[in-house]
Amino acid sequence: MKKIVVANWKMNPETPREARRLFAKVKRTADRLRRIAIVVCPPAVFLSLLRPGKNLVLGGQDIFNEPRGAFTGSISAAQIKYAGAGHIIIGHSERRRLGETDELVNKKVRLALKTGLKVILCLGETARDERSDYLRALRGMLERDLDRVSRAEAKDLIIVYEPVWAIGGSASSADTPEDFLEHALFLKKVLAAGFGQNLALSIPILYGGSVTPENAADFLGRGEAAGLLVGHESLRADRFNVILRLADGSA
Ligand code: PEP
């Protein structure tokens, strides 16, 4: 299976000009790569300015949990799809920190899937404890986030395991590839209980949390990650392009 690399630009850059320039630099590299799928998730206002390519598609960073109505400032699943997104990040820790519950995440996941968007579901623990109690919380989170998602819909899921404590730092802040692999297997088991073994095996589990050109190959190799979600390093085209080439196997 092709490795998937997701770029989460968060609330960057500031201007449409900068967004176009950053995207163009990534696209020039993407055009030469054959063995990866890239999803760039810019702020929603830039989606319609960017032209996706064959292996480079667009995603949104969030949607509202209702399909339409009087919800000032919100963006619906259908609107983000019409703006050009084929994927949508849901449940990012930076949204959960603002009060987003698993119940809301679940509503968004089901709405997005029904709208025909592929869901990039982010989840991870805020801290680990010696008795590994956090694993129970992680399982509960995944079960609640995917409650009432059908097997047919589950084919459009991508899961990102990103320990919250690992987000936003340097390469040394990241999890280890071995720990990622262990947690990805754990999440696969939870998925298998809900969707069956075969379907669970086909759902990609990506790693996110301080991915850099220095540690990306280890997560994809030793960590056996199906791909990576890249935050701050996706804003530096030269460094992000190194990650893309590593994921493509052509670095
Ligand atoms: C993220 O945005 O989810 C993320 C992992 O960011 P960073 O790569 O900056 O840690």
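Heavy-atom basis, side chains included; hydrogens, waters and symmetry copies ignored. Order of listing sets the numbers, starting from 1, for every ligand and every atom in it.
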Participant: Centroid-to-centroid, His232 to Phe240, below 6.0 Å?
Facilitator: no
Participant: Which value, rounded to the nearest 0.5 Å, describes the distance between Phe180 atom CZ and Leu206 atom CG?
Facilitator: 7.0 Å
Participant: Taking only residues two or more places apart in sequence or in another chain, which ones pass side-chain contact (heavy atoms from CB on, under 4.5 Å) with Asn198?
Facilitator: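 Expected list: none.
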Participant: Can you classify the ring geometry of Phe23 versus Trp9 as parallel (below 30°), tilted (30 to 60°) or perpendicular (above 60°)?
Facilitator: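 Rings of Phe23 and Trp9: perpendicular, as their planes differ by over 60°.
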Participant: Tell me every residue that passes salt bridge (charged side-chain N to carboxylate O under 4.0 Å, His left out) with Lys107, counting only those two or more places apart in sequence or in another chain.
Facilitator: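 By the salt bridge (charged side-chain N to carboxylate O under 4.0 Å, His left out) rule, Lys107 matches Glu66.
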Participant: Return a table of N or O atom pairs, ligand 1 on one side and protein on the other, at distances under 3.5 Å, rounded to 0.1 Å.
Facilitator:
residue, atom, partner, partner atom, Å
ligand 1, 2 (O), Asn8, ND2, 3.1
ligand 1, 2 (O), Lys10, NZ, 2.9
ligand 1, 2 (O), His92, NE2, 3.1
ligand 1, 3 (O), His92, NE2, 2.6
ligand 1, 3 (O), Glu162, OE1, 2.7
ligand 1, 3 (O), Glu162, OE2, 3.0
ligand 1, 6 (O), Lys10, NZ, 3.4
ligand 1, 8 (O), Gly231, N, 2.8
ligand 1, 9 (O), His232, N, 2.9
ligand 1, 9 (O), His232, ND1, 2.5
ligand 1, 10 (O), Gly168, N, 2.6
ligand 1, 10 (O), Ser210, N, 2.8

Participant: Residues in side chain to side chain donor-acceptor pair (under 3.5 Å) with Glu18, at least two apart?
Facilitator: Thr15
